[in-house]
Amino acid sequence: MSADNHTDLHSALAWPFFEPRHRELATGIEAWCRANLGHESHDDVDATCRRLVRELGVAGWLKYGVGGVAYGGHGDTIDTRAVCLLRETLAKHSGLADFALAMQGLGSGAISLGGTHEQKTRYLPRVANGTALAAFALSEPEAGSDVAAMSLSAREDGDAYVLDGDKTWISNGGIADFYVVFARTGEAPGARGITAFIVDADTPGLEIAERIDVIAPHPLARLHFAGARVPRSQMLGAPGEGFKLAMRTLDIFRTSVAAASLGFARHAMAEGLARAASRKMFGQTLGDFQLTQAKLAQMALTIDSSALLVYRAAWLRDQGANVTREAAMAKWQASEGAQQVIDAAVQLFGGMGVQRGTAVEMLYREIRALRIYEGATEVQQLIIGRDLLKARAADAARGDTK
Ligand SMILES: Cc1cc2nc3c(=O)[nH]c(=O)nc-3n(C[C@H](O)[C@H](O)[C@H](O)COP(=O)(O)OP(=O)(O)OC[C@H]3O[C@@H](n4cnc5c(N)ncnc54)[C@H](O)[C@@H]3O)c2cc1C
């Protein structure tokens with residue numbers, strides 16, 4: 001395999017993070033995207049997302065976000081590198097297609113990781129084949145970055161829990177068939193008093209209180225729970241273990257947000273290169289100017305740095321390592337880096353860069369939220385800083401502080 005003469009994912013596929021199956025997967029999803037994507041209507045994002053989930057399911061791509069072959073997954077555990085390669089490639093072609101795949105994995109991740117046999121049997125096969133849409137309901141109006149401050153309550157009542165409160169910014173809100181909801185059960189204060197539940201969308205007492213419109217539209221809503229009764233059998237994991245389950249889910253999917261950022265950046269790079277090579281000005285082309293070459297070089301450096309961090313985190317997780325620090329580094333670098341790469345591409349296009357509907361203009365809107373959700377950049381910085389201090393304390397306890 002050649003590692004040179006490419007500006008896209010092909011150059012990274014030669015890296016030792018990947019196994020032959022990943023290279024095959026990358027080729028397969030690229031071919032599928034070329035044949036099937038490029039005409040995603042944003043007029044009715046609900047319908048487009050439903051259709052994309054079905055098509056991704058039929059094509060077999062959703063299986064990679066589900067753990068357990070017996071439950072429709074591709075492997076017994078979620079292959080992080082595969083999910084990242086899928087998201088990087090889908091994002092390069094279509095933000096909505098990436099979103100559709102990502103939400104199936106994120107929305108069902110806690111079931112793959114902590115569900116009972118009955119829960120996995122009931123939900124995962126339908127997630128994997130695209131017949132049930134999943135959502136992950138963690139954030140609240142007063143608990144976003146400070147997620148442990150959540151107040152949506154789940155009160156035990158006989159063989160059920162009764163949920164009251166709000167969740168907001170919930171992707172797939174309004175079109176999901178079920179929501180994995182994190183609620184305060186109160187075993188302990190803060191993060192240790194949170195429990196996860198699977199809540200079917202048609203549960204009485206659960207309503208879509210508000211649809212939220214964002215700069216790169218996708219289905220998004222605020223959910224209101226008023227006395228929503230959820231059977232105890234729908235509890236995910238043990239009482240008080242919900243926060244940990246949410247963080248374990250994010251350790252997988254946070255790295256994949258970084259991979260999606262990389263896909264957006266690669267698309268912008270291709271657009272920017274094409275423009276630099278073709279735009280005539282001052283008797284030569286834009287790409288002939290050293291200022292342009294420096295810009296392109298910076299874009300390429302940012303992309304490769306991001307790719308190395310993304311696939312290091314994905315590879316490490318697939319080896320069974322704790323990747324909280326590495327996933328945070330990947331997300332920080334790849335999402336902030338992609339914003340810079342896309343901004344540079346917009347600049348290369350001049351006026352056309354801000355014309356509604358051009359590829360770089362859409363990418364400019366598409367990337368913005370990735371620096372905020374699944375932990376804003378500042379949250380990733382705190383995670384890394386705290387982890388370093390914890391590691392230093394452990395080293396000190398062993399007498400190793402050099
Ligand atoms: C498009 C989109 C989709 C989303 N989808 C989902 C979903 O499916 N499920 C879900 O549960 N949530 C989802 N979210 C919510 C998302 O996770 C939250 O928006 C995010 O966690 C930030 O919370 P917040 O919006 O309340 O901002 P706040 O918590 O109010 O933070 C505001 C800003 O403060 C800064 N900040 C945060 N912490 C610190 C700190 N310690 N020090 C200094 N500065 C800090 C950051 O810059 C941050 O952007 C989504 C959000 C968006 C925009």
Side-chain angles (χ1 to χ4, degrees), residues 42 45 49 53 65 87 91 95-96 98-110 127 133-152 163 165-184 191 194 196-199 201 208-225 236 242-243 245-254 256-258 260-261 264 327-328 331-332 335-336 339 362 364-387:
H42 285 70
V45 286
C49 286
V53 169
R87 289 203 63 183
L96 276 183
D98 165 59
F99 169 81
L101 177 124
M103 284 318 302
Q104 291 298 92
L106 178 67
S108 67
V127 170
L133 276 79
F136 177 81
L138 184 67
S139 305
E140 297 184 4
E142 301 304 326
S145 305
D146 183 9
V147 70
M150 74 173 58
S151 65
L152 185 142
L163 272 56
D166 280 17
K167 290 285 172 188
T168 194
W169 302 108
I170 307 309
S171 296
N172 272 353
I175 65 167
D177 292 286
F178 67 90
Y179 299 85
V180 167
V181 178
F182 297 85
R184 181 155 300 287
I194 293 167
F197 297 89
I198 313 170
V199 183
I208 305 302
E210 178 191 6
R211 292 298 296 263
I212 305 169
D213 195 14
V214 284
I215 56 176
H218 69 240
L220 196 64
R222 178 165 64 85
L223 315 180
H224 180 61
F225 295 79
L236 262 175
F243 186 82
L245 197 52
M247 294 306 121
R248 283 174 62 209
T249 309
L250 289 176
D251 273 350
I252 305 174
F253 291 98
R254 196 167 262 166
S256 82
V257 175
S261 306
F264 291 135
K331 184 178 184 269
W332 171 13
S335 61
E336 294 288 337
Q339 183 85 63
M362 286 164 72
Y364 193 78
R365 288 184 286 112
E366 201 77 66
I367 189 60
R368 191 61 186 85
L370 281 70
R371 293 167 54 201
I372 297 170
Y373 62 60
E374 293 192 36
T377 296
E378 291 79 358
V379 172
Q380 310 306 331
Q381 291 169 331
L382 288 176
I383 290 171
I384 297 163
R386 285 184 189 144
D387 193 62

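In listed order, ligands and their atoms are each counted from 1. Given the structure is predicted, the values throughout are model-derived calculations rather than measurements. Reckoned from all heavy atoms, side chains included, excluding hydrogens, waters and symmetry mates.
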In the protein, what heavy atom is nearest to [atom], and what distance, to one decimal place, separates them?
atom                    : answer
atom 40 (C) of ligand 1 : Leu382 CD1, 4.0 Å
atom 24 (P) of ligand 1 : Gly144 CA, 4.0 Å
atom 22 (C) of ligand 1 : Ser145 OG, 3.8 Å
atom 52 (C) of ligand 1 : Tyr373 CD2, 3.8 Å
atom 20 (C) of ligand 1 : Ile372 O, 3.6 Å

Judged by atom type as modelled, is there a donor-acceptor pair below 3.5 Å linking the side chain of Asp177 to the main-chain atoms of Leu133? yes

Quick check against the 3.5 Å criterion: does Arg254 have a side-chain atom that pairs as donor or acceptor with the backbone of Lys331? no

Hey, is [atom] touched by any protein heavy atom at less than 4.0 Å?
atom                    : result
atom 33 (C) of ligand 1 : no
atom 30 (O) of ligand 1 : no
atom 42 (N) of ligand 1 : no
atom 8 (O) of ligand 1  : yes

For ligand 1, which is the ligand I care about here, please tell me if Asp146 has any N or O atom under 3.5 Å from one of the ligand's N or O atoms. no

Which ligand 1 atoms does [X] reach within 4.0 Å, using its non-hydrogen atoms?
X      : answer
Ala369 : 1 (C)
Phe136 : 7 (C), 8 (O), 9 (N), 10 (C), 11 (O)
Ala376 : 46 (C), 48 (C), 49 (O)

Backbone, side chain, both or neither: what part of [X] comes under 4.0 angstrom of ligand 1, heavy atoms only?
X      : value
Asn172 : neither
Glu374 : backbone
Leu220 : side chain

On a heavy-atom basis, I'd like to know which of [options] is closest to [atom].
atom                    : options                        : result
atom 14 (N) of ligand 1 : Trp169, Phe182, Tyr179         : Trp169
atom 44 (N) of ligand 1 : Glu378, Met150, Gln380, Arg368 : Glu378
atom 15 (C) of ligand 1 : Ala102, Ala134, Ser139         : Ser139

Between Glu336 and Arg371, is the closest basic N to carboxylate O distance under 4.0 Å? yes

Begin with the C-alpha distance, continue with both residues' side-chain angles, and end with the deciding distance and a verdict on ring-ring contact (aromatic ring centres under 6.0 Å, His included) for Phe182 and Phe197. CA-CA 6 Å; Phe182 297 85; Phe197 297 89; 9.4 Å; no

Could you pull out the closest heavy-atom pair between [X] and [Y], with the gap in Å?
X      : Y      : result
Val45  : Pro217 : CG1-O, 3.6 Å
Val180 : Ala110 : CG1-CB, 4.0 Å
Val127 : Ser108 : CG1-OG, 3.6 Å
Ser171 : Phe99  : CB-CE1, 3.5 Å

Just grab all the side chain to side chain donor-acceptor pair (under 3.5 Å) pairs involving residues 137-146, residues at least two apart or on different chains. Glu140-Ser151, Glu140-Lys167

So do Val199 and Phe225 actually touch side chain to side chain, heavy atoms under 4.5 Å? yes

Are side-chain heavy atoms of Ser335 and Val257 found at a separation under 4.5 Å? no

Can Val214 be said to touch ligand 1, with heavy atoms closer than 4.0 Å? no

Under a heavy-atom criterion of less than 4.0 Å, does His218 contact ligand 1? yes

Intermediate values then yes/no, side chain to side chain contact (heavy atoms under 4.5 Å, CB included), Asp387 and Ile384: CA-CA 5 Å; Asp387 193 62; Ile384 297 163; 5.8 Å; no

I'd like to check the ring-ring contact (aromatic ring centres under 6.0 Å, His included) partners of Tyr179; sequence neighbours left out, ordered by chain and number. none

